[in-house]
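A short worksheet on the structure shown next.
Nothing here was measured: the structure is a model prediction, and the numbers come from that model. Reminder, nothing fancy here: chain letters follow the sequence lines and each chain counts from 1.
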Protein chains: 2
Amino acid sequence: MTVAHDQLANAIRALAMDAVEAANSGHPGMPMGMADVATVLFRDYLKFDPAEPRWPDRDRFVLSAGHGSMLLYALLHLSGYARPTIDDIRNFRQLHSPCAGHPENFELAGVETTTGPLGQGFATAVGMAAAERHLSAVFGDALVDHRTWVIAGDGCLMEGINHEAVGLAGHLGLGRLIVLWDDNRITIDGATSLSTSEDIAARYTAGGWHVVACDGHDPADIARAIDAALADPRPSLVACRTVIGRGAPNKQGTSATHGAPLGAEEVAATRAALGWNHPPFEIPADIKAAWEGFGARGAAARVDWAARLSGAADGAEFTRRMDGRLPDGWSIGGHIAGLLANPVKVATRKASELALEAINPAVPETVGGSADLTGSNNTRTKGLTVLDRADYAGRYVNYGIREFGMAAAMNGMALHGGVIPYGGTFMVFSDYSRAAIRLGALQRARVVHVMTHDSIGLGEDGPTHQPVEHLMALRVIPNLDVYRPCDAVETAECWALALERADGPSLLALSRQNLQQLRTDADENRSAKGAYRLRAAAAARRVVLVASGSEVEIAVAVRDRLEADGIGADVVSMPCWERFDAQPQAYRDATLPDDTLLVSIEAGSTIGWERYVGRHGLRFGIDGFGASAPAADLFRTFGLTADQITPQIVAALEARS
Amino acid sequence: MTVAHDQLANAIRALAMDAVEAANSGHPGMPMGMADVATVLFRDYLKFDPAEPRWPDRDRFVLSAGHGSMLLYALLHLSGYARPTIDDIRNFRQLHSPCAGHPENFELAGVETTTGPLGQGFATAVGMAAAERHLSAVFGDALVDHRTWVIAGDGCLMEGINHEAVGLAGHLGLGRLIVLWDDNRITIDGATSLSTSEDIAARYTAGGWHVVACDGHDPADIARAIDAALADPRPSLVACRTVIGRGAPNKQGTSATHGAPLGAEEVAATRAALGWNHPPFEIPADIKAAWEGFGARGAAARVDWAARLSGAADGAEFTRRMDGRLPDGWSIGGHIAGLLANPVKVATRKASELALEAINPAVPETVGGSADLTGSNNTRTKGLTVLDRADYAGRYVNYGIREFGMAAAMNGMALHGGVIPYGGTFMVFSDYSRAAIRLGALQRARVVHVMTHDSIGLGEDGPTHQPVEHLMALRVIPNLDVYRPCDAVETAECWALALERADGPSLLALSRQNLQQLRTDADENRSAKGAYRLRAAAAARRVVLVASGSEVEIAVAVRDRLEADGIGADVVSMPCWERFDAQPQAYRDATLPDDTLLVSIEAGSTIGWERYVGRHGLRFGIDGFGASAPAADLFRTFGLTADQITPQIVAALEARS
């Protein structure tokens with residue numbers, strides 16, 4: 001028995017409007033408007049198996065317009081995923097429901113990526129599509145042969161990041177990326193014509209995309225357009241002309257349906273208009289069965305795929321990478337032993353390159369890149385070839401001058417699985433990519449952000465290029481591990497910790513300028529504790545100096561002067577706040593004891609350092625903007641030299657005694 | 001006597017390569033490549049008067065590719081600005097030289113805007129061009145009739161913000177904006193073809209722009225293209241095909257000239273190739289005189305303009321606005337008196353609207369807007385008409401879903417002068433606009449960022465939309481005043497402080513949810529001190545509760561419970577850290593005395609609160625991501641209710657005693 005298309009799509013519409021009504025908040029307009037397109041996609045095109053939501057060769061489906069989350073929840077529920085249940089949907093937007101206001105990848109196995117901040121789902125999907133091509137090139141079509149589908153709205157297309165995503169996908173020739181654009185010509189404030197006059201199709205064509213349009217409420221026309229997208233080798237934009245809130249007779253086509261419940265009266269009118277005479281949250285059995293049939297369509301393909309996997313010579317390696325397990329026996333230890341045997345005085349960006357020279361050959365799932373600063377970020381190691389349309393097996397992406405797009409694409413690669421992405425830019429441009437760094441942290445994506453030129457130490461480029469507050473601003477992002485190593489040994493340790501972390505992103509803040517190698521031991525990964533005593537007081541301890549990165553060598557110099565005056569001082573190197581805060585209280589107290597004068601030294605914002613040195617400790621840092629001059633002049637200008645710091649500590653000790 | 005074009009342009013080339021050589025750092029490639037284009041612009045087109053760099057009706061010239069700062073310094077010096085002197089240029093990139101690595105508007109009067117972070121100069125120029133059209137519509141062509149010129153590189157065009165800037169300028173029809181694109185097909189990593197395949201001209205045409213190309217080394221062809229740009233009513237992109245590092249015989253056309261000195265040998269070879277036989281920093285008198293002649297060209301126009309100004313009925317008003325003086329006698333006092341007479345319980349976003357209802361009629365230089373969240377940000381007051389191509393005299397900009405572009409455009413409006421821009425978005429999207437917020441702070445631009453939905457209090461939209469760390473991340477930006485008012489009275493006070501601040505941006509963090517009016521007095525603007533005692537202990541004081549925004553009413557509830565138990569507690573409302581930190585030590589100590597249990601309550605990151613409550617004070621906040629649920633459920637889940645906080649304070653007091 002065939003269920004009519006309208007019934008299938010109306011099931012989505014009903015769930016969406018009823019769930020928003022029950023929650024008394026949410027966005028019915030997009031799910032109702034895109035119900036027809038989504039129905040065609042799930043019915044005839046999407047490769048998926050609800051019984052195995054994490055099947056590696058599934059198509060990825062990204063709801064970039066994440067406010068329309070009820071579309072996704074309805075699709076997952078109807079097509080037979082274990083979650084969300086109808087009760088989950090009934091509790092849409094309530095505490096502990098996996099049906100959050102915006103889709104969260106950590107709540108439901110069927111959600112590929114957390115979306116909501118406009119434009120990012122689309123850009124994340126570009127990374128997924130790139131990861132697919134890469135893994136297909138490495139492991140072959142028999143194991144990796146899927147597509148990435150996106151539903152995006154006008155907001156996703158208007159955001160700046162869209163330009164970066166379009167440019168990157170067009171340049172890489174990601175033909176398996178198909179974006180279904182909800183072309184409803186309505187934004188929150190009203191008609192799109194209030195704020196944009198763009199010829200979107202022409203822009204996409206200019207970016208190397210294929211563009212096709214369809215009537216987003218005509219199933220045959222939708223299928224025709226998707227077929228055209230499938231046939232074209234370029235990434236495709238399918239402009240689906242839709243009516244927002246389609247089905248709500250008095251409100252459809254207006255921004256009133258965008259982000260608020262329709263209201264009981266309009267819900268009733270919609271039921272009548274659609275001929276949907278079922279109570280809220282009840283789906284007739286024949287309609288549910290038809291939807292589950294679409295879900296069952298993928299099972300056979302998945303079984304065939306599993307057979308191919310078990311017969312593949314590199315099947316175990318593929319599974320290892322997709323599971324996110326590092327190669328057996330991999331360790332940074334050999335590289336560190338080499339550093340201890342032959343110490344180096346290099347910038348930590350160079351130390352990062354040295355670490356990567358050890359990592360990349362041993363960990364083949366890394367894919368590096370830079371936002372057009374390869375030589376400055378030191379991200380490309382020997383033998384790493386370029387990943388582009390000529391060779392998707394390459395492991396280095398020229399992201400272009402697209403920091404935000406790079407970070408979002410890296411999130412997508414990590415979420416796709418099988419790849420551990422890292423990418424570089426200047427740390428000051430973390431402000432450009434920050435929203436994607438955050439979304440990666442929320443999504444627990446295993447990404448390594450390589451941020452070089454991490455302070456005034458970059459010198460002459462001046463305040464626009466000198467991150468002063470960025471380190472602290474990054475530390476406050478939840479679930480992001482921020483590392484600022486002080487020398488080549490710590491850099492290697494931090495790289496190991498970043499790589500080994502499977503449940504979230506890490507960020508390395510690295511110097512432009514050369515730094516002494518301060519570490520002479522490596523019995524254990526000392527950076528793993530976040531902070532540790534690098535130098536112990538010789539004289540009776542009265543001072544503990546805590547510093548990170550390039551200021552640790554200043555702290556060591558201060559200590560040596562204090563000790564020469566008979567004042568005992570520890571130096572604590574603190575490469576990672578997040579890890580230190582996770583240590584037991586006793587370790588933290590012993591490392592930063594209250595009965596000493598606690599002093600922090602870091603070439604950045606002092607706000608926050610009171611956590612470790614208290615309200616009345618001394619904090620040396622920079623609370624204004626930097627300046628343009630050679631680095632040594634700047635450290636002097638901002639008072640960050642042993643000559644300037646030491647007497648202030650002595651004076652503070654005298655005042656206390 | 002006419003000096004040949006090549007000699008004029010080579011003067012720029014020589015200054016650029018010699019200054020970079022002397023500094024042993026910098027970017028010679030762009031100035032040398034664009035020397036011909038810039039020469040034609042300054043010789044024949046740009047309206048300027050070096051004797052009056054701040055002449056209100058001058059053309060604005062923005063070097064968006066700010067790394068090519070030596071181009072700008074050479075132009076200013078050659079054409080006769082008082083600064084930079086040749087010695088300033090000789091000290092390029094040295095401490096205290098106004099010739100910083102990137103152009104800084106606070107270093108040289110001839111620098112319109114600080115540039116360097118790619119893409120932003122261009123987007124800032126869009127705001128300048130919009131301000132010009134607005135003021136021209138208000139004051140007439142006799143007073144306001146100038147153009148905005150931009151030199152932009154491939155990086156500026158590749159950044160995401162470029163899409164937003166192009167879209168906004170195209171939509172607003174800013175035909176007086178002309179962008180000279182340095183089409184040299186080289187980025188830092190090599191050829192642009194490494195990372196982009198875009199048809200840039202087609203993209204700009206799609207955005208509603210006029211595009212014309214020229215040979216960037218042929219003066220006549222450059223002039224032809226600029227004439228075409230002048231003739232077209234749309235904003236124009238002039239694609240200037242250039243050779244990066246033009247003139248350096250062995251390096252030109254390669255990325256080697258981009259960001260490093262040419263080296264002594266290549267400098268000598270360049271001198272020979274150009275026939276420039278003058279020592280470094282010496283400009284032959286005839287060439288200097290010719291350049292100064294271009295500078296003198298504008299003097300007559302400026303004198304005519306000054307005569308028109310002094311004859312204009314609204315001349316004084318125009319001058320007041322351009323000087324950045326608020327209307328005489330303006331005060332928020334009447335509005336606050338009304339609130340005290342009739343207290344309101346409203347969200348602070350609504351309180352902001354109420355304040356704006358008082359401000360906008362009285363302060364006609366405000367230009368509001370929102371990134372497509374007008375109804376949520378409460379930024380549009382009664383009677384504010386839309387500023388668009390149909391009516392540039394309007395005072396409300398529909399910025400579209402372009403947070404970053406909005407913030408940069410607002411910087412441009414403020415830098416243009418005559419306008420005080422404010423614009424709204426959700427606070428979580430400060431991550432999108434952050435780089436422009438920072439650049440505005442560096443440039444001391446008078447902009448007000450209206451950030452609503454400032455915590456988990458927004459409820460159901462969940463963690464992607466809940467700013468948790470954003471407040472702290474914004475507080476660490478230097479020279480940005482961040483306000484988080486607790487009620488309608490504080491909101492009005494903070495708005496007044498933001499408006500009155502002429503030397504930098506302010507940001508208002510505002511609640512979605514309703515808040516009690518806690519203030520019952522307004523003898524002075526108490527928010528001006530940053531923090532103040534809102535409630536004094538009745539019983540003997542043992543506790544001081546410090547909070548901001550929506551958590552102040554929680555602090556008041558906690559206090560009432562403590563007082564009921566005989567425990568004296570102050571409540572300190574802290575709407576602005578920056579202002580509190582600027583108070584005398586005695587005031588700060590009296591407000592947050594060491595001999596009490598100090599407790600902070602804020603629905604966001606606790607990192608940083610140790611500044612006020614110490615290492616061992618109690619900090620109530622949220623150090624992870626939020627969740628999707630009704631707001632009241634979330635405050636309970638995150639432990640931010642008087643019920644949950646009060647017993648912890650009592651326990652801490654017991655542990656101390």
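- Interface residue A:Thr374: backbone and side-chain heavy atoms are both found under 4.5 Å from chain B.
- For B:Arg389, the part sitting under 4.5 Å from any heavy atom of chain A is the side chain, from C-beta outward, and nothing else.
- There is no contact between A:Glu107 and chain B, counting heavy-atom distances below 4.5 Å.
- In this structure, B:Tyr432 and A:Phe404 have perpendicular ring planes: the angle between them is above 60°, well past the 30° mark.
- The backbone N or O of A:Ile188 lies less than 3.5 Å from a partner atom in the side chain of B:Asp372, making a donor-acceptor pair.
- Residues B:Glu164 and A:Glu159 form a side-chain contact, since some pair of their non-hydrogen atoms from C-beta on lies under 4.5 Å apart.
- Looking at A:Arg438, both its backbone and its side chain come within 4.5 Å of chain B, counting heavy atoms on both sides.
- B:His616 NE2: more than 12 foreign heavy atoms inside a 6.0 Å radius.
- Residue contact with chain B, scored on non-hydrogen atoms closer than 4.5 Å, involves the backbone and the side chain of A:Ile607 alike.
- With values rounded to the nearest 0.5 angstrom, A:Thr196 atom OG1 is found 15.5 Å from B:Tyr399 atom OH.
- Within the 3.5 Å criterion, the main-chain N or O of A:Gly101 finds no donor-acceptor partner in the side chain of B:Asp461.
- In this structure, B:His465 and A:His67 have side chains that are not in contact, with every pair of non-hydrogen atoms separated by 4.5 Å or more.
- At a 4.5 Å heavy-atom cutoff, A:Ile622 makes no contact with chain B through either its backbone or its side chain.
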Practice problem: Before giving the answer on side-chain hydrogen bond (donor to acceptor under 3.5 Å, both in side chains), spell out for A:His171 and B:Ser197 the whole-Å C-alpha distance, their side-chain angles and the decisive distance to 0.1 Å. | Solution: CA-CA 5 Å; A:His171 180 70; B:Ser197 307; 2.7 Å; yes
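- The two atoms that bring B:Arg611 and A:Arg619 nearest to each other are NH2-NH1, 3.1 Å, heavy atoms only.
- With rounding to the nearest 0.5 angstrom, the OG atom of A:Ser605 is 12.0 Å from the CZ atom of B:Arg475.
- For A:Leu471, no part lies under 4.5 angstrom from a heavy atom of chain B.
- Heavy atoms closer than 4.5 Å to chain B are found nowhere in A:Ser376, neither backbone nor side chain.
- The contact between A:Thr114 and chain B is made entirely by side chain atoms (from C-beta outward), counting heavy-atom distances below 4.5 Å.
- With a 4.5 angstrom heavy-atom cutoff, A:Ser433 does not touch chain B via any of its atoms.
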